[in-house]
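Beneath this line is the structure, given in structure tokens, with notes to follow.
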Amino acid sequence: MDAFDYLSVFYAKQHSADRIIQNVDALLASEELDVRFIPFGCERKNVDWLDGIVIKDRKTKLQWKNERLHCYELQYKYKERGQARNSKGQFFIIQDDQYADSFVVFTIESGDFYRRALFPFIQSIYPIAIMTFITHKKLRRLLDNFVVSNNQSELLITRASQRLRFQENHKGRRVMPVVSWPSMSVEEAFHWVYDHNGWFESISIEVSKNCRVLSNFTFTRQGVLRTNALVGELFDSFIKPICKIIHENIEFFSHRSRLDRMDLSTRPIVIEFDEDQFSEISENQRLIQSMRRMKTSSISVLHGNPYVHLTILDYIDGSAFDLWVLDQQKIVLVPQLKVSVAAIKRLVNHVFDDYAEGNLINYEEVA
Amino acid sequence: MTSQQVIREEVDNYKDTIYAIIGFMNLFRYDDQSKSMRNNILFFQGCKLYPKVENENAENERRNNGEYVTPDIGIVLSNDYGIIGEVKCSFPKDKTLWEKDFIQLMNYDQELTGWPTNSGTVKTHDVVLLTHLSRAVAVKKYFEENEGVTFIKPFSIIEFHRYTQLKEFFFLRLNHGNISESVNGKRLEDGISIPMNVFINVYSRYKLYDAPPPLPYLLEIIWTNIIALRAAENPKFPTLRKNQKIEVEIELNELTDLLYQQFTFYQFSSTRRELQSYYRLQPKYPKHSWVVEACKKLIESGDAIWKDESEQVVVIYFKRHTDIFDHFVKLCSKSEDKNQLKLFNEKNDD
């Protein structure tokens with residue numbers, strides 16, 4: 001007798017957007033499955049355009065739509081031991097109930113489907129869909145809030161992958177070590193990474209209470225969450241705040257093009273550091289080296305010492321920026337004639353990942 | 001010094017001249033008490049002023065004969081008073097060549113019409129020369145020792161330089177003479193440090209003034225801000241490989257207009273109604289000939305072709321460069337004739 005295909009049944013049912021997370025939670029309680037969430041932002045404020053999209057060997061097909069919840073099938077091709085294979089899987093997309101420009105893709109399909117098809121597909125629809133990045137500080141805050149809202153559950157890091165900035169080997173390439181920390185507390189791990197000028201690429205955590213393991217989840221800097229339980233709690237503590245972050249970033253990064261305004265004035269963005277980041281003149285060179293590692297872009301150094309003035313051209317969509325360092329605590333990004341939200345996000349993301357994390361604020365205009 | 005270093009220094013000087021213009025003009029616009037810019041102060045750059053003569057016909061004739069001056073700096077503080085002047089970041093080593101610069105300044109030392117005021121005049125004006133700190137003493141000495149160099153109107157020499165002290169500052173100080181506007185005149189005697197970060201938004205918009213820019217600098221502005229935007233409209237743009245190109249066709253007149261509207265001091269007029277009609281009568285820059293030279297450089301390097309024999313439309317082959325400015329610096333440094341690095345020696349030559 002064939003095994004009951006509960007996944008197909010689950011995907012076929014037209015869930016309501018308000019109940020879907022609870023339904024996934026209930027499914028995971030009865031079956032040994034993982035759910036993976038991928039939040040992303042989209043200025044189009046709907047995902048109807050996703051139906052029938054073909055990118056490389058991947059193709060989408062809308063299965064059903066129920067208000068702000070969509071179910072899609074994704075067909076894909078891949079190679080295994082030299083053999084071309086076809087496969088498919090399904091996923092949901094839910095639009096955030098508060099922020100119309102924030103969406104969450106999620107699937108309960110296998111890890112293979114996620115790695116081979118779904119995640120690369122979401123990345124390939126950039127710059128229409130923009131994934132986010134969670135700063136070190138925000139990640140810590142999300143974890144702390146999760147503990148508080150879940151009655152002081154205990155968190156134990158079971159695995160962590162982190163990147164350290166400016167650690168270079170003799171070939172001049174960055175070292176990107178992956179470190180596992182079995183049984184390390186969140187506080188210890190965060191201090192270690194902070195002290196070493198790094199950030200977590202992903203972090204796997206065991207949630208327990210009264211010596212009982214409640215869930216194992218993994219969370220990445222891009223805001224991707226995988227869990228086997230506590231779906232509702234983790235969705236509320238991580239995914240919902242990330243939707244807010246995505247919305248705030250889109251709002252903050254929008255309408256920065258000079259051509260958006262009659263007088264062609266600029267709307268610069270400031271990356272402000274808590275410390276005197278540029279107290280040493282050598283720091284200018286480190287920033288320039290870091291910027292030169294930004295892929296798919298031109299970095300022109302108009303001035304490097306004692307102040308920094310770069311012009312940056314994004315080869316994905318033609319967005320152009322001026323970048324200035326004129327004091328010890330700030331990098332100022334000046335969007336030029338036409339810039340996209342995606343390009344600003346990519347630029348800020350690169351500075352935060354490769355150079356240092358700071359706080360984003362508006363430039364205060366004098367002239 | 002290698003030819004690439006020479007080019008980069010020229011670009012630095014060009015940018016410093018713009019910072020000096022912005023810093024000096026805004027000195028008079030900035031209200032220290034309200035910490036904002038005064039709206040009643042106007043500035044203009046690269047605009048024509050004409051010698052005033054009593055006879056209107058004679059004045060028109062002089063205009064038609066091209067007798068005019070185009071100061072680097074123009075400030076109108078009221079209908080009664082204005083300031084005009086030149087910014088010279090560097091002076092040639094041969095001091096005999098300085099005479100030309102002072103003759104230019106002495107041409108400002110007369111009653112002039114064409115000011116952006118209702119009457120087209122101001123009752124009186126000062127003449128200023130802004131020069132880099134490293135040359136200021138020598139320039140002052142030259143002025144004092146040359147009896148033929150005299151001014152009737154108040155004349156002053158202002159020295160400027162950049163310095164770092166936790167922040168980057170642009171420093172302005174009176175080296176000789178007086179500024180009639182006493183408040184800022186007094187402050188300039190002691191020297192004024194302007195934090196450069198307060199003008200980042202302005203520096204990023206006003207990249208050109210009415211003197212010919214070093215070619216690699218102009219090419220970088222054209223390539224990054226105009227050609228790339230056009231190329232980005234092509235669906236191939238995001239997947240363009242290093243050895244591939246996108247053809248971008250553009251008329252030279254349009255290219256010149258875009259640079260004028262988007263990267264010069266003309267933009268100041270867009271928010272000031274009283275300046276809009278005034279600027280319509282002013283010469284545009286970059287001059288058409290500068291843009292032609294930039295395009296010729298691209299054609300010479302195989303990065304562009306003329307669309308047809310009229311040489312009015314250029315087809316540029318947009319490619320990916322990892323450092324656009326460096327690419328053009330290297331391109332221009334290969335040029336055998338070093339004079340080609342500057343399009344023209346003097347802005348008033350044509």
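Letters A, B, ... are given to chains in the order of the sequence lines, protein chains preceding strands, and every chain is numbered from 1. Quick note: numbers below take in every heavy atom, side chains included, and nothing from hydrogens, waters or symmetry partners.
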Which residues, numbered in order, of residues 317-328 of chain A come under 4.5 angstrom of chain B by heavy-atom distance? A:D317, A:G318, A:A320, A:D322, A:W324, A:L326, A:D327, A:Q328

More than 12 foreign heavy atoms under 6.0 Å from CD of A:E280: is that the case here? no

Check each atom of A:R292 against the heavy atoms of chain B and say whether the ones under 4.5 Å are side chain, backbone, both or neither. side chain

With side chains defined as the heavy atoms from C-beta onward, is the minimum distance between A:L302 and B:F325 less than 4.5 Å? yes

Does atom NZ of B:K15 have more than 12 heavy-atom neighbours, drawn from other residues, nucleotides or ligands, at distances under 6.0 Å? yes

Given side chains that start at C-beta, do those of A:L337 and B:L229 come closer than 4.5 Å, heavy atoms only? yes

Residue by residue, which of residues 250-261 of chain A have a heavy atom closer than 4.5 Å to a heavy atom belonging to chain B? A:R258, A:L259

Region of A:D314 in contact with chain B, defined by heavy-atom distances below 4.5 Å: backbone

Cut-off 4.5 Å, heavy atoms of chain A, and the answer for B:F318 is side chain

Restricting to side-chain hydrogen bond (donor to acceptor under 3.5 Å, both in side chains), what partner residues turn up for A:K137, sequence neighbours left out? A:D274

Do you know which of B:M196, B:H321, B:E233 has the most heavy-atom pairs with chain A at a distance under 4.5 angstrom? B:H321

Side chains of A:Y363 and B:I200: closer than 4.5 Å at any heavy-atom pair? yes

Strictly distance-based, threshold 3.5 Å: is any side-chain N or O of A:S300 a donor or acceptor partner for the main-chain N or O of B:D323? no

Residues passing the side-chain hydrogen bond (donor to acceptor under 3.5 Å, both in side chains) test with B:T322, sequence neighbours excluded, are none

State, yes or no, whether a side-chain contact exists between B:R320 and A:S298 at a heavy-atom distance under 4.5 Å. no

Can you confirm whether B:K207 sits close enough to A:T311 that some side-chain heavy atom of one is under 4.5 Å from a side-chain heavy atom of the other? yes

Evaluate the side-chain proximity of A:P306 to B:R162: yes if any heavy-atom separation is below 4.5 Å, no if none is. yes

Is A:V332 close to B:N197 at the side-chain level, that is, under 4.5 Å between some pair of heavy atoms? no

